[in-house]
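What you are looking at is a predicted structure, and each value in this text was computed from that prediction instead of being measured. The sequence lines fix the lettering, A, B, ..., with proteins before strands; numbering per chain opens at 1.
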Number of protein chains: 2
Amino acid sequence: MGNIRLALVDAHPIMRDGIRCLLADTPEIEILHSTNTITDLIPLLYHDPVHIVMTVFYTPDPEDVAMVKHLCSKHQRVQVLVMSMYKMENFILKMIRAGAKGHLTSDTDRDEMVEAILTLRNGYDFYAKTITNLILKNYLEEAENKLESKHEREQKLSTRELEVLKLFADSHTNKEIADKLFISVRTVESHKNNIMQKLNLKTMVDMVKFAIRNNLVDL
Amino acid sequence: MGNIRLALVDAHPIMRDGIRCLLADTPEIEILHSTNTITDLIPLLYHDPVHIVMTVFYTPDPEDVAMVKHLCSKHQRVQVLVMSMYKMENFILKMIRAGAKGHLTSDTDRDEMVEAILTLRNGYDFYAKTITNLILKNYLEEAENKLESKHEREQKLSTRELEVLKLFADSHTNKEIADKLFISVRTVESHKNNIMQKLNLKTMVDMVKFAIRNNLVDL
DNA sequence: GTTGTTCTGCGTGAATCACTGAAAATCGTC
DNA sequence: GACGATTTTCAGTGATTCACGCAGAACAAC
């Protein structure tokens with residue numbers, strides 16, 4: 001089948017170097033591109049197409065999902081492998097729905113990474129065991145009605161809520177958010193209320209801080 | 001001087017592997033430990049002490065600063081090298097104050113990383129150029145009395161206004177602030193209005209961010 | 001089909017914002 | 001002490017947002 005042409009997307013150059021190093025002694029995988037964002041990558045794909053795009057995400061961002069979707073629609077032949085440093089099933093499922101063909105968590109190692117790449121190249125999907133386990137565990141936990149951990153709370157934020165949170169923490173008024181998302185101001189208020197409740201925050205100052213801490217907005 | 005004994009702390013195993021791989025062909029650096037958190041590392045240091053601990057942080061968290069402080073006080077001979085994937089001067093400065101002897105950003109590469117480790121081992125501090133530039137820029141701005149630098153803007157605030165701003169950015173409601181300062185709610189509102197005008201801020205989300213950026217409150 | 005979640009929206013009263021004005025207290029200065 | 005500048009204090013008004021609750025519509029899961 002020949003060499004596997006791979007593109008690497010990760011906002012942190014040193015991490016790209018690290019992954020490149022890990023894949024260095026796997027000669028059948030050839031890293032053609034290495035960019036900060038999917039946006040940077042797309043134009044390069046016209047001249048030098050790849051088989052697989054591996055993207056690393058550090059924080060659950062609806063825009064990332066949109067970018068994956070965009071990439072998949074624009075280059076339908078490429079297989080997208082997502083590595084997420086968070087463990088939110090919601091977002092992972094969204095990535096898959098957006099067109100990602102495989103998923104890895106940060107718990108992974110070189111062998112699993114290579115396995116994932118090879119699996120995708122062979123036309124099959126690949127989901128790390130940790131993910132399937134996570135989903136299983138979550139169902140069990142839901143059944144057991146476990147107490148909310150910090151992570152669980154984060155997981156609970158829906159896509160829409162994250163969008164609202166991001167816009168709000170980016171200094172937009174409710175009216176502006178409503179216009180941008182084509183919903184009513186009351187709905188924006190509802191979302192904000194739900195966010196505060198889910199995250200157990202008291203004021204919107206806390207909401208801003210949460211958004212900053214989780215890299216949803218810049219300081 | 002012999003081998004450099006290094007410990008690696010990163011919440012994401014795959015990233016630890018990546019860094020380990022990058023350092024593989026630097027025989028004078030020996031990675032003894034590789035843990036998820038500083039907490040996990042500390043007990044290991046009693047049996048197998050290291051020269052340098054390199055920790056990677058992905059998001060600005062006050063607890064991380066506390067952990068670095070704790071590590072530095074508990075093992076005073078180890079040198080802590082922090083790599084942060086964010087670029088907030090405040091937090092980086094806090095890490096340095098907490099006892100970190102060096103700092104890298106995610107823009108770094110293998111060579112700079114090795115250089116940082118060697119520098120620390122030789123007893124010197126190491127700060128990536130991007131960071132020193134940032135710090136320098138800040139000092140220059142202060143010295144040159146540039147048109148409203150952050151600091152100048154801060155200076156413009158009166159004592160009372162600063163008190164109000166701090167309390168507000170610390171998640172207190174206007175009523176709480178009023179009670180604490182023994183003034184009326186309307187006065188609190190006035191102060192906040194004046195602050196926004198003086199600092200040329202549009203929303204109170206901006207006010208919160210200003211307070212965080214200027215270390216008036218913790219994130 | 002049932003169940004559950006998300007997204008959407010509304011009502012109400014309280015709190016806060018944005019803007020303006022203004023009196024009393026404080027401070028530096030002559 | 002007198003004067004001006006600044007700070008601190010407080011209020012009126014209308015718009016916006018908060019806090020809490022409630023509920024239908026859309027959608028996915030089982």
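Nearest nucleotide to the N193(A) side chain, out of dC20(D), dA18(C), dT9(D): dC20(D). Side-chain atoms of R186(A) lie closest to dG11(C) of the nucleotides dG9(C), dG11(C), dT9(D). Among the nucleotides dC18(D), dC10(D), dT8(D), the one closest to any side-chain atom of N194(B) is dT8(D).
Within residues 169-185 of chain B, the residues that have a heavy atom under 4.0 Å from DNA chain D are, in order of number, I183(B), S184(B).
Note: CD (E189(A)) to P (dA19(D)) measures 11 Å, nearest angstrom. In this structure, I195(B) places its CD1 atom 15 Å from P of dC19(C), rounding to the nearest Å. One can place CZ of R160(A) at 15 Å from C1' of dA25(D), the figure rounded to the nearest angstrom. Across the protein-nucleic acid pair, E161(B) atom CD and dT6(D) atom P stand 13 Å apart, rounded to whole Å. Remark: P of dT16(C) and NZ of K202(B) are 24 Å apart, rounded to the nearest angstrom. Atom CD of Q197(A) and atom P of dC22(D) are 12 Å apart (whole Å). If you measure from atom CG of L165(B) to atom C1' of dT7(D), you get 17 Å, rounded to the nearest angstrom. For the pair L162(A) CG and dT6(C) P, the computed distance is 12 Å after rounding to whole Å.
In summary, R186(A) and E189(A) engage in a salt bridge, as defined by a charged side-chain N under 4.0 Å from a carboxylate O. For R160(B) and E163(B), the salt-bridge test passes: some basic side-chain N is under 4.0 Å from an acidic carboxylate O.
For dT8(D), the OP1/OP2 oxygens have no side-chain nitrogen or oxygen of H191(B) closer than 4.0 Å. OP1 or OP2 of dT16(C) has not a single side-chain nitrogen or oxygen of K192(B) nearer than 4.0 Å. When the side-chain nitrogen and oxygen atoms of T187(A) are compared with OP1 and OP2 of dG9(C), one or more of them lie within a distance under 4.0 Å. For dT9(D), the OP1/OP2 oxygens have no side-chain nitrogen or oxygen of S190(B) closer than 4.0 Å.
For K69(B), the NZ atom sits in a loose shell: 12 or fewer heavy atoms of surrounding residues, nucleotides or ligands are nearer than 6.0 Å.
Side chains of T26(A) and R110(A): a donor on one and an acceptor on the other come within 3.5 Å. Between the side chains of H51(A) and R121(A), at least one donor-acceptor pair of N or O atoms lies under 3.5 Å.
Note: Y58(A) and Y58(B) have parallel aromatic rings, judged against thresholds of 30 and 60 degrees for the angle between ring planes.
H191(A) has its ring centre no less than 6.0 Å from the ring centre of F168(A).
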